[in-house]
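Here is the structure we will look at.
The model shown is predicted, which means the values in this text are computed figures rather than measured ones.
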2 protein chains.
Amino acid sequence: MDLELRSLRYFAAVAEELHFGRAARRLHMTQPPLSRAIRQLEADLGVALFERSPSGVALTPVGVWFYQDARALLDQADRLRAKAAAAAGAATLTVGMLSDGSDADASRLVKAFRERHPHVDVQVREADLADPTCGLRSGLVDVALTHGPFDETGISVRRLRTDPVGAVLRSDDPLADRKVLRLAELADRRWFRLPESADPLWRAFWNATTPQGPMREGPIVRTVQECLQAVLWNGTIGLAPRVGALPPGLTFVPLADAPPTTVVVAWAGSRDDPLVRSFVRVAAQTYGAGTGS
Amino acid sequence: MDLELRSLRYFAAVAEELHFGRAARRLHMTQPPLSRAIRQLEADLGVALFERSPSGVALTPVGVWFYQDARALLDQADRLRAKAAAAAGAATLTVGMLSDGSDADASRLVKAFRERHPHVDVQVREADLADPTCGLRSGLVDVALTHGPFDETGISVRRLRTDPVGAVLRSDDPLADRKVLRLAELADRRWFRLPESADPLWRAFWNATTPQGPMREGPIVRTVQECLQAVLWNGTIGLAPRVGALPPGLTFVPLADAPPTTVVVAWAGSRDDPLVRSFVRVAAQTYGAGTGS
DNA sequence: CACGCCCGATACCGCGCGGGTATCGTCCCT
DNA sequence: AGGGACGATACCCGCGCGGTATCGGGCGTG
């Protein structure tokens with residue numbers, strides 16, 4: 001109804017390409033909605049901007065100067081956004097990550113966020129296994145990309161994804177080539193343990209996932225790396241959400257009867273820093289979006 | 001996701017009012033979506049624009065210069081639209097109307113269209129009762145606001161509304177104070193007739209609505225005015241869609257068993273004049289919108 | 001000090017619009 | 001005459017925006 005920058009962006013693309021199909025590709029969309037949008041723009045203005053003939057598309061006289069003005073407007077808008085981004089640039093955003101960094105979605109996320117706020121200094125901080133909040137409460141990080149469940153008092157959380165939980169085995173383990181395992185099959189193994197100081201809900205979650213039966217307790221691990229090394233050197237079993245890349249010599253096998261974890265982005269409930277909100281927003285649409293909390 | 005003028009319009013309104021409720025009222029919307037939009041804008045930019053304290057809203061330093069730039073951008077956009085409207089201004093749009101001009105929706109429509117395209121010369125032309133297309137095919141009018149049904153070959157149509165059909169009686173008619181009538185009750189009256197030359201479907205529609213039985217044929221009428229006068233002077237009965245205002249001395253009574261008409265906007269199928277499209281678009285949203293054809 | 005009001009934030013819902021796929025019509029070029 | 005290129009049309013679906021209802025906090029007032 002009212003003039004919007006989107007319409008102008010579309011128009012500019014077509015005006016520059018003089019070809020609806022190519023323009024649509026440049027805009028990362030398909031041709032029909034683009035055609036429709038241009039017609040709507042023309043209807044809105046009450047004037048024809050393009051001369052469509054089967055032998056190509058041409059600008060009408062009105063289209064010519066309209067393009068120049070539109071281009072100027074778009075450039076000005078871009079400068080405005082850049083200026084605002086620069087103003088936010090003084091800030092530093094520290095994001096805590098529980099995952100080992102091999103998560104494809106996570107890297108896409110920080111990449112997307114960095115290119116949206118090029119001037120912001122994004123610090124990524126690997127979290128301690130004992131604290132899934134990555135020190136949110138103490139202010140150590142501004143926002144955490146982590147796994148549930150944990151104590152959420154004073155923390156806002158937005159669910160992003162649900163990951164199946166599986167076992168990390170040495171590749172030469174007799175069970176390592178199985179497609180899927182049940183907990184009972186691993187009942188006689190040694191499992192790593194979380195430190196006593198760990199978040200209660202968090203600890204309870206992983207302990208509940210531990211198979212019943214005569215279980216020999218494995219070493220206490222503090223980081224993801226330690227956990228993986230424990231598997232390699234001690235023959236313990238590691239529990240983990242679905243993992244992207246794993247160091248050589250280790251294999252991930254899904255567990256059929258282990259409750260899944262949820263990947264969440266979390267931030268201190270009191271903070272309403274726009275950068276934090278922006279990060280959450282980008283996260284929500286980088287992942288397949290989820291329902292908030 | 002991308003910066004849009006709407007966000008800037010919202011921001012500017014709040015920046016000028018320094019009060020979300022008032023700004024929302026100025027924007028013809030309610031406060032919650034406005035608050036949300038502003039927060040999203042801030043998140044998008046990664047910077048706070050307002051200082052919210054319970055004792056009022058204030059601009060942050062960033063917000064101050066952002067407002068100036070945004071204001072400039074919006075003004076430039078407005079000028080662009082005005083310029084485009086002026087370019088279309090050479091054109092004249094002739095609108096044919098079958099209704100007698102007392103239709104509230106119709107006048108709202110041309111009003112809305114005129115203020116969207118202030119430079120366009122809008123000519124309204126009352127149609128002949130014989131031709132519901134108002135001379136669309138002959139190019140007499142560019143677009144017609146009329147009633148169905150009629151021969152639609154070569155004509156594009158968009159349905160806008162459905163109107164009940166009723167009888168127009170003299171106010172001193174014994175039946176004039178009834179809430180609703182059935183056709184049979186009027187079987188012995190004289191009915192006006194359409195000229196032989198009228199559109200066949202159109203003529204058939206009104207004839208079909210005519211009550212069966214020993215019917216005395218009334219005068220042939222060519223315009224709505226003639227039709228109303230015929231009721232006044234000759235005691236004939238007029239058939240009509242729901243009418244807004246009627247001249248004094250006449251009364252409209254709905255007919256329970258007459259098939260309703262549809263109000264449509266119609267234009268020559270070959271024309272793809274942006275102004276015509278614009279008119280249709282405005283019509284569709286002025287009325288309660290309908291499904292196209 | 002409690003109660004009530006003002007105002008922005010949040011929760012949740014419904015619908016229109018923007019984007020998708022499938023298909024058509026038309027012109028051009030063999 | 002046939003096929004390919006390209007814009008237009010038809011139809012469908014999911015998301016975003018705007019709506020209503022409600023919350024929460026801060027201040028004024030009796």
Salt bridge B:R25-B:E17, side-chain N to carboxylate O under 4.0 Å = no

Do B:S278 and B:H117 have a side chain donor and acceptor closer than 3.5 Å?
-> yes

Output all residues satisfying ring pair (Phe, Tyr, Trp, His ring centres under 6.0 Å) with A:F66, sequence neighbours left out; order by chain, then residue number.
-> A:F11

Rounded to whole Å, CG of A:D2 lies from C1' of C:dC17 at a distance of 15 Å

Please give, in whole Å, the distance from D:dG16 P to B:E4 CD?
-> 13 Å

Lys/Arg N to Asp/Glu carboxylate O, B:D44 vs A:R281, below 4.0 Å | no

Mind calculating the distance between CG (B:L34) and P (C:dA9) to the nearest angstrom?
-> 9 Å

List, with names and distances, any nitrogen or oxygen atoms from the protein found under 3.5 Å away from nitrogen or oxygen atoms belonging to nucleotides 18-22 of chain C.
residue	atom	partner	partner atom	Å
C:dG18	O3'	A:R6	NH1	3.4
C:dG19	OP1	A:R6	NH1	3.4
C:dG19	OP1	A:Y10	OH	2.6
C:dG19	OP2	A:Y10	OH	3.2
C:dG19	N7	A:R36	NH2	2.3
C:dG19	O6	A:R36	NH1	3.2
C:dG20	OP2	A:T30	N	2.9
C:dG20	OP2	A:T30	OG1	2.9

How long is the line joining CZ of A:R52 and C1' of D:dT9, in whole Å?
-> 13 Å

What's the CG-P distance between A:L18 and D:dA5, to the nearest Å?
-> 20 Å

Below 4.0 angstrom from OP1 or OP2 of D:dA8, is there any side-chain N or O of A:S35?
-> yes

Does the pair A:R277/A:D273 count as a salt bridge with the N-to-O cut at 4.0 Å?
-> no

Whole-Å gap separating P (D:dG16) and CG (B:L41) = 16 Å

Within residues 46-63 of chain A or reaching into it, pairs that qualify as salt bridge (charged side-chain N to carboxylate O under 4.0 Å, His left out) - sequence neighbours excluded = A:E42-A:R52

Presence of B:R39 side-chain N/O under 4.0 Å of C:dA9 phosphate oxygens OP1/OP2 = yes

Gap between atoms CZ and C1', on A:R277 and C:dA9 respectively (whole Å) = 9 Å

Between C:dT10 atom C1' and B:I38 atom CD1, what is the distance in whole Å?
-> 17 Å

